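This is a predicted model, so every value here is computed, not measured. Along the sequence shown, residues are numbered consecutively beginning with 1.
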Amino acid sequence: MLFANIIISKKEKKVICPASAQLANNTGHGKTGFCFLSTSDTDAGIEEIVKEMVRYNSTLTEADTRAALSVLDAVVERLLQEGCKVRLPWVDLQLAAHGTAESISEKFYNKRGDNRFVLKALVNKKFEAKAVEKVFYKTKSSVAEMDPSIFQVFSITKDASYSGERVVKAGMCFRIYGKNLGFDFEDEKQGVFLALKGDRKKAVRITSFIRRTQRTIDAILPQDMEKGVYTVSFVKKNGEGSYPVANTTDEIEVIE
């Protein structure tokens, strides 16, 4: 029902419709790479609905509204149990028998074997059209999907192959493989950072690269890099204005 997707803002005293974000399209349908997903931060339960109804019509008291909703609930339940298709302003409800039988003469018994009564709901098309006609929404950045990740770190050997030993000399190159590794080089908060184990104050931001793509970074260690074992992290600004950090258990050993 529509009420399940409405957010009631207690601070602003107004209705805010759902926000939407993008996720990778893994549905197997369509040729596009992403699909929209609606999200709601708060549910509107019976308390919020009662308050909205009272605000909408000043002649209704809160007690009257609660009583009417309680009676509506009981009446709809009884009519469904009597086999009626209940046509509410926003949805049609009907109980339907589901299950199998050994013969045509076998009787239906609810909750015996796979016999079950199932409540079916069909949204009223006119109500749906009105509901979506003037929707107010906002599109949020897909932060989780767009955050960076480091899958693996390699050292580059003399013959241009790469090794998982990750032993590198100062001035040499190493490779980071992951996702969403593109970044704004001019922003000093973003990029590849190495921190010396045992003394994290000695952190180095890499400023020389052979290649920088969304999935692969070939970075060059500074010539004056102090020898030792370093942890690797990557920082990228996202659409929300924060700087998520991608860490990895892969470490680089810098030798002379």
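Partners of E256 under the salt bridge (charged side-chain N to carboxylate O under 4.0 Å, His left out) rule, at least two apart in sequence or in another chain, are K227. Here Y162 pairs with F154 under the ring pair (Phe, Tyr, Trp, His ring centres under 6.0 Å) rule; sequence neighbours left out. Scanning for salt bridge (charged side-chain N to carboxylate O under 4.0 Å, His left out) contacts around E82 gives R78, with sequence neighbours left out. Among residues two or more places apart in sequence or in another chain, the side-chain contact (heavy atoms from CB on, under 4.5 Å) test is passed with S161 by T157, D159. Y230 meets the ring pair (Phe, Tyr, Trp, His ring centres under 6.0 Å) test with no other residue; sequence neighbours excluded. In this view, Y243 satisfies the ring pair (Phe, Tyr, Trp, His ring centres under 6.0 Å) rule with no residue, not counting sequence neighbours. When the side chain to side chain donor-acceptor pair (under 3.5 Å) test is applied to E165, no partner is found at least two apart in sequence or on another chain. By the side-chain contact (heavy atoms from CB on, under 4.5 Å) test, I104 pairs with no residue at all, sequence neighbours left out. Partners of E62 according to the side chain to side chain donor-acceptor pair (under 3.5 Å) rule, which considers only residues two or more places apart in sequence or in another chain, are R66. With sequence neighbours left out, K111 forms a salt bridge (charged side-chain N to carboxylate O under 4.0 Å, His left out) with no residue at all.
Between L93 and A121, the closest heavy-atom pair is CD2-CB, 3.7 Å. Taking every heavy atom of both residues into account, F151 and G178 meet most closely at CD1-CA, 3.5 Å.
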Result block: side-chain N/O donor-acceptor pairs under 3.5 angstrom for residues 166-176, not counting sequence neighbours:
unit_1 : atom_1 : unit_2 : atom_2 : d
R166   : NE     : E251   : O      : 3.1
R166   : NH1    : V153   : O      : 3.4
R166   : NH1    : G164   : O      : 2.9
R175   : NE     : D218   : OD1    : 2.7
R175   : NH2    : D218   : OD2    : 3.1

* Asked: Given T231 and F193, is the side chain to side chain contact (heavy atoms under 4.5 Å, CB included) satisfied, shown in steps?
  -> CA-CA 8 Å; T231 59; F193 295 86; over 6 Å; no

* To do: Apply the test side chain to side chain contact (heavy atoms under 4.5 Å, CB included) to residues L194 and V232: give CA-CA distance (whole Å), side-chain angles for both, the deciding distance (0.1 Å), then the verdict.
  => CA-CA 5 Å; L194 304 181; V232 182; 3.6 Å; yes

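Ion pair K125/E128 flagged as a salt bridge, since at least one NZ, NE, NH1 or NH2 atom sits closer than 4.0 Å to an Asp/Glu carboxylate oxygen. K51 and E48 are not joined by a salt bridge, as no carboxylate oxygen comes within less than 4.0 angstrom of a charged side-chain nitrogen.
With rounding to the nearest 0.5 Å, the separation of CD in E77 from CG in D73 is 6.0 Å.
Between L119 and L95, the closest side-chain pair of non-hydrogen atoms falls below 4.5 Å. Here the side chains of S233 and T248 are not in contact, with every heavy-atom distance at 4.5 Å or above. Looking at K237 and F183, their side chains never come closer than 4.5 Å, going by heavy atoms from C-beta outward.
Between the side chain of S242 and the backbone N or O of P244, no donor-acceptor pair lies under 3.5 Å. Here the side chain of N115 pairs a donor or acceptor atom with the backbone of T100 at under 3.5 angstrom.
Between F127 and W90, the ring-plane angle classifies as tilted under the 30° and 60° cut-offs.
Hydrophobic clustering, defined by side-chain heavy atoms of Ile, Leu, Val, Met, Phe, Trp and Tyr closer than 4.5 Å, groups F108 together with F117.
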